[in-house]
Every structure is written in C-alpha cells, then in structure tokens.
Asker: 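What follows is a structure written as structure tokens; I'll ask about it next.
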Amino acid sequence: MTPPRLANWILSWWVPDSDRDETIGDLNEQFAKRATVDGRGRASRWYWRQTAHLVGRWRPRLGAVVAQDVRYALRLLRRSPGYALTVIVTLARRDVLRRSASPAENSDDSLGDVRSELRGAVLSRSDMAVIDGPR
Amino acid sequence: MSRVSLGDVEHFVLLALVRLGGEGYGATILQEITGRTGREVARAAVYIAMRRLEAKGLLKSRLGEATAEQGGRPKRYFALTKPGARQLADSRRAFVRMWEDVEHLVQKAAR
C-alpha cells in the first residue's frame with residue numbers, strides 16, 4: 001500500500017538527507033499498518049497530519065536547504081542535461097535582460113532588498129548572521 | 001553522578017530501547033512510548049532526541065537493509081550504549097531520591 005504521493009514528495013524534499021530514509025521509511029511502515037486496520041482514507045489523513053507536523057517542527061537550516069537545492073540541480077543536470085541547460089539559459093537570459101533594462105538593480109541596493117526579504121521570512125539569528133557576514 | 005541530564009523524550013527513548021530488548025528503530029520506539037505512556041509523542045521530537053542521544057554517545061546506530069515494508073528504504077536501528085545505560089540508572093536514582101518522603105505531599109497538593 002503506497003502512501004499519498006504528494007505528502008511523500010514533500011517529505012523527501014523537506015527532511016534533511018541524513019534523516020530522510022529512516023524518517024520516511026518508518027512513516028511508510030506505520031501507514032501500511034494503519035491502512036490495513038483503519039482503511040486507506042483514514043491512514044492517508046494520518047499520513048498528511050504527520051507530514052504537516054514534521055514540516056512544522058523540522059526546519060532545515062538555510063545552508064542545508066541551499067546545499068539540497070544544489071544537489072537536486074546536479075542530479076537533474078545528470079539525468080536530463082538538455083532540459084536542465086534550457087532552464088539555466090532561459091533564467092540567465094531573463095536576468096541579463098532585466099539588469100540591462102534597469103541598471104539600478106545591479107547596485108548594492110538589490111542586496112539590501114534580498115536581506116530585507118529574507119528578514120521578513122522565518123529565519124533564525126544564526127542564519128541572518130551567515131547572510132550579513134561578520135560585523 | 002553524571003552532570004548530563006535527560007529530557008523527558010530522551011528518557012522515554014532510552015527506556016523504550018531497553019523494553020525492546022536493547023535495539024529498535026523509529027517506528028517501534030514511537031509505538032513503545034505511545035503504548036506505554038498513553039501519550040501521543042511528537043514524531044519529530046523523538047527523531048531529534050535520538051540524534052542528540054547519539055551525539056552524546058548514549059545511543060549508537062546502524063543502517064539496516066532496505067525493506068519492502070519501509071517502501072524500499074533502509075531502517076536505522078538504535079541501540080543503548082554502556083554510558084546510556086549508566087545515564088538512565090543515574091537519572092532514576094536522582095528521581096527516586098527527590099521523590100523520597102514527598103509523594104504524599106504532592107498527591108495532597110494535587111487534590
């Protein structure tokens with residue numbers, strides 16, 4: 001019996017590499033047992049609740065998220081290089097066009113914008129220290 | 001007596017492992033705690049506690065083989081170490097001493 005795919009995918013993305021296999025594996029095992037006893041519908045709702053709980057409690061650090069994204073990008077590049085290169089070229093082109101249309105965005109102010117955007121998001125002080133650098 | 005103190009969840013994880021015969025994995029540890037205490041323990045708290053205990057050397061872990069029941073993912077088995085067992089015994093001793101002669105007072109206050 002397979003657990004809800006979307007929830008499973010969210011967990012695969014969210015849970016840090018070091019804990020991913022056992023955390024999701026344990027959840028899958030408990031899901032299968034619950035589905036046999038309570039039925040698939042109730043087990044799926046339980047699985048979603050567990051997913052929401054894990055995502056709420058297990059906040060990966062910014063560095064870990066970036067590293068995870070880079071690894072994902074490299075995997076994608078290896079698996080489908082054509083698609084990955086098209087995405088990279090399209091994004092790079094858009095960025096170049098935006099910068100040439102508005103030179104002000106190329107200044108230090110854009111870094112300031114990024115900083116204030118990040119401050120608006122939920123980040124720990126240590127994460128902000130990494131972004132701001134030593135003072 | 002050790003200066004390291006155990007949190008509630010850490011205490012439960014170590015005791016669950018003893019009850020499971022010295023070795024267990026996430027799902028069985030969670031079931032043991034929930035079944036015994038009747039409390040729904042937060043899953044993330046248990047995994048974080050296991051990692052913390054491992055870092056302190058109170059637990060050790062090994063990766064098992066991938067199983068069908070886990071959807072092709074390997075289980076991580078945790079086992080109690082000697083320092084872990086000592087820490088549990090120390091914690092129990094400390095609690096028993098603190099409870100000595102005051103149990104009736106606590107029950108009276110709770111009424």
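Here is how names work: the chains are called A, B, and so on, in the same order as the sequence lines, proteins then strands, and each is numbered from 1.
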Asker: Linking directly or through intermediates, with side-chain heavy atoms under 4.5 Å: list the remaining ILVMFWY members grouped with A:Val37, chain and number order.
Answerer: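 Joined to A:Val37, directly or through intermediates: none.
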Asker: Using heavy atoms and a sub-4.5 Å threshold, report which of residues 42-50 of chain A line up against chain B, by residue number.
Answerer: A:Trp46, A:Gln50
Asker: Indicate the atoms forming the closest heavy-atom contact of B:Ala44 with A:His53, along with that distance.
Answerer: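 Scanning both residues, the minimum pair turns out to be N-NE2, 3.8 Å.
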Asker: So for B:Ala68, is it side chain, backbone, both, or neither that comes closer than 4.5 Å to the heavy atoms of chain A?
Answerer: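 Neither the backbone nor the side chain of B:Ala68 comes within 4.5 Å of chain A.
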Asker: Determine which residues belonging to residues 21-34 of chain A lie within contact range of chain B, meaning some heavy atom pair is under 4.5 Å apart, and list them by number or answer 'none'.
Answerer: A:Asp21, A:Glu22, A:Thr23, A:Ile24, A:Gly25, A:Asp26, A:Leu27, A:Asn28, A:Glu29, A:Gln30, A:Lys33
Asker: For atom CZ of B:Arg36, is the number of surrounding heavy atoms from other residues, nucleotides or ligands below 6.0 Å larger than 12?
Answerer: no
Asker: Linking I/L/V/M/F/W/Y whenever their side-chain heavy atoms sit closer than 4.5 Å, directly or via other members, would B:Ile33 and B:Tyr25 fall into one cluster?
Answerer: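 B:Ile33 does not cluster with B:Tyr25.
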Asker: Does B:Phe95 share a hydrophobic cluster with B:Val106, counting links as ILVMFWY side-chain heavy atoms below 4.5 Å and allowing steps through other members?
Answerer: yes
Asker: Flag yes if B:Leu17 and B:Val41 sit in one hydrophobic cluster, no otherwise; membership is Ile, Leu, Val, Met, Phe, Trp, Tyr, and two members link when side-chain heavy atoms are under 4.5 Å apart.
Answerer: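 Result: yes, single cluster for both.
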Asker: Between A:Val15 and A:Val55, is there shared hydrophobic-cluster membership here, with clusters defined by ILVMFWY side-chain heavy atoms closer than 4.5 Å?
Answerer: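 Linked within one cluster.
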Asker: Taking salt bridge (Lys or Arg N to Asp or Glu O under 4.0 Å) as the criterion, tell me which of B:Arg76, B:Arg43, B:Arg51 meets it with A:Asp19.
Answerer: B:Arg51
Asker: Holding to side chain to side chain donor-acceptor pair (under 3.5 Å), I want the full list of residues that pass it with B:Gln31, two or more places apart in sequence or in another chain.
Answerer: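 For B:Gln31 there are no side chain to side chain donor-acceptor pair (under 3.5 Å) partners, ignoring immediate neighbours.
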Asker: Sort B:Ala66 into side chain, backbone, both or neither according to what part of it lies under 4.5 angstrom from a heavy atom of chain A.
Answerer: neither
Asker: Is there a path of hydrophobic side-chain contacts, each under 4.5 Å between heavy atoms of I/L/V/M/F/W/Y residues, joining B:Leu88 to B:Val96?
Answerer: no
